Amino acid sequence: MPTAPWMVHNGAIVRYEDCRLHAFAGVVKYGCAVFEGLRAYWNERQAQLRVFRMAEHLERLAFGARVLRLEGGPEPAELERGVLAMLRANALRETCHIRLIVYLDGDGELAARGPVGWVAGAVPRGSSRFVAEGMRMKVVSWARITDAAMPARVKATGNYLNNRAAELEALGDGYDGAILLDARGEVSEASGACLMLVREGRLVTPAVTSDILESITRATLVELARSELGLEVVERPVDRSELYAAREILACGSGWEVVPVISVDRLPVGDGRPGPITRALQEAYFATVRGERPERMGWLTPVYPG
Ligand code: PMP
C-alpha cells in the first residue's frame with residue numbers, strides 16, 4: 001500500500017510528490033538522521049484513530065537527535081502537531097504505519113550539526129500475515145552493530161545498513177526474518193523488532209545492554225505481561241542455543257506488532273505453532289492499542305475531536 005497522499009515537511013502539509021530535499025543533503029551524504037515508526041490504530045466501533053505511545057516515540061527521537069548532535073531541530077510538541085495534522089489531512093479511517101524522520105539537511109561537511117529538517121507520512125497498513133501465522137527465522141551471519149562503534153540504542157538511519165544486510169541474508173536463504181547476535185555472540189534482536197522467549201513459564205528478553213534498540217513495544221509487553229498475565233519477566237543476556245530451548249518465542253515492534261516465531265534455523269519452536277503465552281500477549285496488546293483497555297488510554301493520542 002502506498003504512502004497516503006499528504007505528508008508533513010518542516011511543518012507544512014504537502015503533497016507526496018512535492019515532498020523533496022536536495023540530493024546533497026547531509027542525510028544523503030552521511031546517512032545522518034533519526035526516525036520513528038509509529039502506528040495509529042483505527043477503532044471502527046468508537047470511530048476514532050489513535051496514535052500509540054506517541055510521547056515515548058517523540059522522546060526516543062529527541063534522545064537520538066541529541067546523540068547525533070543535530071541542532072536547531074523541531075521540538076516534540078511541533079512534531080506531534082505536525083503528525084496529527086498530516087493524519088487529519090489524509091482523513092485516514094484505517095490503521096496505518098507512520099514514518100517520522102528528523103534529518104541533517106544543508107550541504108555541510110561530516111561534522112555539520114544543522115540545518116535540520118523533518119518529515120512524516122503515513123502508510124495505511126494492517127497487521128502482516130506473520131501476526132497470525134508466525135515467522136520462520138534465521139540467525140544470520142551478520143553481527144548486530146556494537147555500541148562501541150555505532151549508538152545501537154539510537155534509531156539512526158545509518159544503523160539500518162546492518163538490519164538491511166541481516167534481512168537480505170535471511171530472505172535470500174528462504175526464511176521470513178533475521179535474528180542478529182551481538183558482537184559477543186549473545187542474542188540481540190530481530191532486523192526490525194525485539195525478541196522475547198518463554199522459558200520455564202517466564203518471559204526472558206535480551207537486556208538493553210545487548211545492543212538492542214530500546215523498544216517501546218518491548219516495554220509495553222513487559223508491562224502487560226506483568227500486570228495482565230501475572231508473568232515473571234527477566235531481562236538478561238540470552239544465549240543462541242536458548243532460542244532452540246525456548247517453549248515459545250515472539251518478536252515485537254511498532255510495525256511488526258507481536259509476531260510468534262515458529263522456527264529458528266529450521267528447528268521448530270515448541271511444537272512449531274504459536275504458543276499460548278504469545279497468543280495471550282497478542283490479545284492484551286491488540287486490545288490496548290485499539291483503545292479497548294480504559295486503564296491504558298493514556299498511551300493513546302486521539303487524532304479526531306470527540
Ligand atoms: N529493533 C529494531 C532494530 C527496530 O527497528 C525496531 C522498530 N522500531 C524495534 C527493535 C522495535 O522498537 P519499537 O517497539 O520501539 O518499535
Side-chain angles (χ1 to χ4, degrees), residues 31 33-41 51-64 67 83 95-102 120 122-123 125 127-128 130-131 135 137 139-140 142-147 149-170 177-183 186-197 203 205-225 233 235 238 249-259 261 281-282 284-286 288-289 299-301:
V34 286
F35 72 104
E36 287 297 323
L38 310 80
R39 268 184 184 271
Y41 286 88
V51 184
F52 186 60
R53 302 206 77 170
M54 175 126 81
E56 289 80 0
H57 281 281
L58 294 175
E59 197 179 312
R60 185 170 66 190
L61 195 65
F63 163 69
V67 174
V83 167
T95 295
C96 56
H97 187 252
I98 301 159
R99 193 47 77 95
L100 171 61
I101 309 170
V102 173
V123 182
R125 185 191 288 162
S127 299
S128 78
F130 299 120
V131 169
M135 193 181 254
M137 303 195 80
V139 177
V140 295
W142 292 100
R144 168 72 178 157
I145 48 166
T146 159
D147 202 59
M150 306 273 269
R153 61 174 50 67
V154 171
K155 201 168 164 66
T157 303
N159 286 359
Y160 278 75
L161 286 175
N162 177 235
N163 309 58
R164 177 177 153 81
E167 197 159 300
L168 282 168
E169 178 180 328
I179 293 175
L180 294 99
L181 306 180
D182 65 20
E186 303 282 358
V187 175
S188 181
E189 59 176 4
S191 58
C194 280
L195 295 166
M196 295 186 167
L197 292 71
L203 210 54
T205 187
V208 291
T209 45
S210 292
D211 292 331
I212 65 168
L213 182 74
E214 292 187 9
S215 153
I216 292 158
T217 317
R218 174 181 174 280
T220 301
L221 290 185
V222 167
E223 169 99 27
L224 294 177
V233 184
E235 301 184 36
V238 172
I249 303 178
L250 65 85
C252 65
S254 305
W256 289 36
E257 301 175 303
V258 183
V259 170
V261 178
L281 281 168
Q282 284 184 322
Y285 185 75
F286 285 110
T288 302
V289 297
W299 282 345
L300 292 160
T301 305

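Counting from 1, the numbers follow the sequence of the chain as shown. When a ligand or atom number is given, it counts from 1 through the structure's own listing order. Since the model is a prediction, treat every value here as computed from it, not as a measurement.
In this structure a side-chain-to-backbone donor-acceptor pair under 3.5 Å is present from Ser188 to Ser210. In terms of modelled atom types and a separation under 3.5 Å, the side chain of Asn162 and the main chain of Ala143 share a donor-acceptor contact. A donor-acceptor distance shorter than 3.5 angstrom exists from the side chain of Asn159 to the backbone of Val154, with no hydrogens or angles considered. Checking side-chain atoms of Arg39 against main-chain N and O of Arg125 turns up a donor-acceptor pair under 3.5 Å.
A 4.5 Å side-chain heavy-atom check between Leu250 and Val261 finds every atom pair outside the cut-off. Here the side chains of Val123 and Arg99 are not in contact, with every heavy-atom distance at 4.5 Å or above.
Atoms of ligand 1 lying under 4.0 Å from any heavy atom of Ser191, numbered from 1 in the order shown and given with element: 3 (C). With ligand atoms numbered from 1 in the order given, ligand 1 contributes 10 (C) to contacts under 4.0 Å with heavy atoms of Cys194. Within ligand 1, counting atoms from 1 as listed, the ones closer than 4.0 Å to a heavy atom of Asn163 are 3 (C). Close contacts between ligand 1 and Tyr160 involve ligand atoms 2 (C), 3 (C), 4 (C), 5 (O) [criterion: under 4.0 Å to a heavy atom].
Note: no N/O pair closer than 3.5 Å links His57 and ligand 1 by distance alone. Residue Ile216 has at least one N or O atom closer than 3.5 Å to an N or O atom of ligand 1.
Salt-bridge formation is not detected for the pair Arg60/Glu214: no Lys NZ or Arg NE/NH1/NH2 atom is positioned less than 4.0 Å from an Asp or Glu carboxylate oxygen. Of the charged side-chain nitrogens involved, none lies within less than 4.0 Å of a carboxylate oxygen, so that Glu189 and Arg218 do not count as a salt-bridged pair.
Protein heavy atom nearest atom 16 (O) of ligand 1, with residue, atom name and distance: Ser254 OG, 2.6 Å. Considering only non-hydrogen protein atoms, atom 6 (C) of ligand 1 sits nearest to Gly192 O, 3.3 Å. Nearest protein neighbour of atom 1 (N) of ligand 1, counting heavy atoms only, is Glu189 OE1, 2.8 Å. In this structure, the protein non-hydrogen atom closest to atom 8 (N) of ligand 1 is Lys155 NZ, 2.8 Å.
By the 4.0 Å heavy-atom criterion, Trp256 is excluded from the residues contacting ligand 1. Judged by the shortest distance from any of its heavy atoms, Arg60 lies inside the 4.0 Å radius around the atoms of ligand 1. Using a 4.0 Å cutoff on heavy atoms, Glu214 does not count as a contact of ligand 1. Heavy atoms of Ala219 come nearer than 4.0 angstrom to ligand 1 in no pair at all.
Applying the side chain to side chain contact (heavy atoms under 4.5 Å, CB included) test between Leu61 and each of Lys155, Glu56, Glu36 identifies Glu36 as the sole match.
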